[in-house]
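Reviewing the structure listed below.
The basis for the numbers below is simple: all heavy atoms, side chains too, and nothing from hydrogens, waters or symmetry mates.
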Amino acid sequence: MEDNRWGVIYCPKRGVWRTHRKWEKIQHLLDERGVQYDFVQCEHRGSVRRLATMLLKNGYKRLVVVGGDTALCQVVNGLMSLPAEQTKDVTVGLIPNGEANDYARFWDIPTDDVEACVDMLLRGRVHKVDLGVIKAILKGEDHEEMTRYFMNCVNIGLVSHILHLRHQLFSFLGLFLLTHITTFVLLIFHRMESVMSYTINHEHLRRSVMTLCIGNCRGYGQTPNAVPYNGMLDVSVVSQPEVLKFVSGMWMLLSGRFLNNKSVTPYRTRATVKVEDLGGARVSTDGHAWKHPVERLEVSVLQERVNLIIP
């Protein structure tokens, strides 16, 4: 495989009318600029990792994902499934096509300007970025071990439950607006806290937690000071607030002042974060809720593991 040939993975947005219009524009720009590329389209969210692995095994050195945070996360998991010697020269590019595009926003990758994204990829400025690692023990008689990687953050608790509800409802209802409305109605009846046992900076704690976010990057505003190039993880532990404090906390989250909320306890660490008891809470990584319940997990960071193309 030629080193300059791109492997492009296109992930259409769910529930969007004329979803292929963006790809048609990207294809036109790539052809116009004489880019050599091969294109594959994911059938569903779970197929992105398989497609990324397939392209890498066939010798592609540049993977470009047209998708959101979850798609990027799946591509990186495909990358990490292969030996490091085989993937050390692989570069990953991103054309945002998701809902939040939080990781792209951190690097100032244009979310609405396809032409600027293609030009950025052509310039090929590469930055080595950190990668989060989760080693989890799943619930069940076999206590199966699972390792997953993330670019942005891992959430444990309410945020993950919201994502799980949205995924289930979208599969059933099929419309984004109706899915969002139904999700928030069901949340009224949801228990919003779990008793968790966790260790951060070698300090062991056990308390009621609404959500726990471990960020390698922004964490959708929950770890706003985290950066994916210092070898550290930022952690935000959110306790159960009163109703009025919850409303003000949501406002602080949207306005970028999340850590000022009195219900939030922030940490920064180089050490492995251990959650020995999740209290039945769900887990999600980069906007994707895990299907399997988790008994316990450990989160750490791999420094400068992914070659990312940035502006």
Stepwise side-chain contact (heavy atoms from CB on, under 4.5 Å) test for Val8 and Val40:
CA-CA 6 Å; Val8 182; Val40 290; over 6 Å; no
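- Taking 4.5 Å as the limit, every side-chain heavy atom of Val301 sits out of range of all side-chain heavy atoms of Met232.
- The nearest pair of heavy atoms linking Ala136 to Val294 is CB-CG1, 4.1 Å.
- What you find for Cys42 and Leu51 is that their closest heavy atoms are CA-CD1, 3.6 Å.
- Considering CD1 of Ile310 and CZ of Arg123, their distance stands at 10.5 Å, rounded to 0.5 Å.
- Surrounding CG of Asp31 are more than 12 heavy atoms belonging to other residues, nucleotides or ligands, all under 6.0 Å away.
- Under a hydrophobic-cluster definition in which Ile, Leu, Val, Met, Phe, Trp and Tyr are linked whenever side-chain heavy atoms come within less than 4.5 Å, directly or via other members, Leu308 and Leu302 are assigned to the same cluster.
- In this structure, the separation between CG on Asn4 and OH on Tyr37 is 14.0 Å, given to the nearest 0.5 Å.
- Here the side chain of Arg33 pairs no donor or acceptor atom with the backbone of Leu122 at under 3.5 angstrom.
- Heavy atoms of other residues, nucleotides or ligands lying less than 6.0 angstrom from CD of Glu145 number 12 at most.
- The shortest distance between side-chain heavy atoms of Lys139 and His292 does not fall below 4.5 Å.
- Summarising the geometry of Val133 relative to Phe150, their closest heavy-atom pair is N-CE2, 3.7 Å, with the distance given to 0.1 Å.
- Residue Asn152 is tested with Thr223, Asp102, Asn216, Thr285 for a side-chain hydrogen bond (donor to acceptor under 3.5 Å, both in side chains); the sole match is Asp102.
- No donor-acceptor pair under 3.5 Å is formed between the side chain of Arg207 and the backbone N or O of Ser197.
- Heavy atoms of other residues, nucleotides or ligands lying less than 6.0 angstrom from CD of Gln86 number more than 12.
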List the steps, then state whether side-chain contact (heavy atoms from CB on, under 4.5 Å) holds for Leu131 with Met151.
CA-CA 6 Å; Leu131 183 62; Met151 297 289 278; 3.6 Å; yes
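- Within the 4.5 Å cutoff, no side-chain heavy atoms of Tyr229 are placed close to those of Val129.
- A donor-acceptor contact closer than 3.5 angstrom links the side chains of Asn201 and Thr269.
- In this structure, Asp113 contributes its side chain and Ala116 its backbone to a donor-acceptor pair below 3.5 Å.
- The shortest side-chain heavy-atom distance between Pro266 and Asp234 does not fall under the 4.5 Å cut-off.
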Run the side-chain contact (heavy atoms from CB on, under 4.5 Å) check on Met80 and Leu82 step by step: do they pass?
CA-CA 5 Å; Met80 295 301 293; Leu82 300 175; over 6 Å; no
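- The two residues Phe106 and Cys217 come nearest to each other via the heavy atoms CG-SG, 3.5 Å.
- Leu233 places a side-chain heavy atom less than 4.5 Å from the side chain of Val299.
- Side-chain contact between Asn225 and Arg268 is present, with at least one heavy-atom pair separated by less than 4.5 Å.
- Taking the six-membered ring wherever Trp is involved, the centroid distance between the rings of Phe39 and Trp23 falls below 6.0 Å.
- In this structure, Glu304 CD and Asn230 CG are separated by 10.5 Å, a value rounded to the nearest 0.5 Å.
- Looking at Asp286 and Tyr103, their side chains never bring a donor and an acceptor atom within 3.5 Å of each other.
- A donor-acceptor pair under 3.5 Å is formed between the side chain of Asp130 and the backbone N or O of Gly231.
- Looking at Val209, Thr211, Val264, Ile214 one by one, the single match for side chain to side chain contact (heavy atoms under 4.5 Å, CB included) with Val237 turns out to be Val209.
- Taking CD1 of Ile9 as the start and CZ of Arg50 as the end, the distance is 10.0 Å to the nearest 0.5 Å.
- The heavy-atom pair separating Ile200 from Tyr198 by the smallest distance is CD1-CD1, 3.7 Å.
- Nearest approach of Arg296 to Leu278, heavy atoms of both residues: CA-CD1, 3.7 Å.
- In this structure the side chain of Gln222 reaches within 4.5 angstrom of the side chain of Asn155, judged on heavy atoms.
- A donor-acceptor pair under 3.5 Å is formed between the side chain of Asp277 and the backbone N or O of Gly279.
- The only member of His204, Lys274, Glu298 that meets side-chain hydrogen bond (donor to acceptor under 3.5 Å, both in side chains) when paired with Thr199 is His204.
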Show, in sequence, the C-alpha distance, side-chain angles and deciding distance for Leu94 and Trp107, and conclude whether the side-chain contact (heavy atoms from CB on, under 4.5 Å) test is met.
CA-CA 11 Å; Leu94 175 64; Trp107 291 104; over 6 Å; no
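- The main-chain N or O of Gln74 is never found under 3.5 Å from a side-chain atom of Arg49 such that the two would form a donor-acceptor pair.
- Residue Met146 holds its CE atom at 3.5 Å from CH2 of Trp290, rounded to the nearest 0.5 Å.
- Of the candidates Ile309, Asn307, Leu72, Leu72 is the only one forming a side chain to side chain contact (heavy atoms under 4.5 Å, CB included) with Val92.
- Interatomic distance, CG of Leu121 versus CD1 of Ile95, reported as 5.0 Å (0.5 Å rounding).
- No path of Ile, Leu, Val, Met, Phe, Trp and Tyr side chains, each step under 4.5 Å between heavy atoms, connects Ile137 with Leu212, placing them in separate hydrophobic clusters.
- Inter-residue side-chain proximity for Ile156 and Met196 is flagged as met; some heavy-atom pair is nearer than 4.5 Å.
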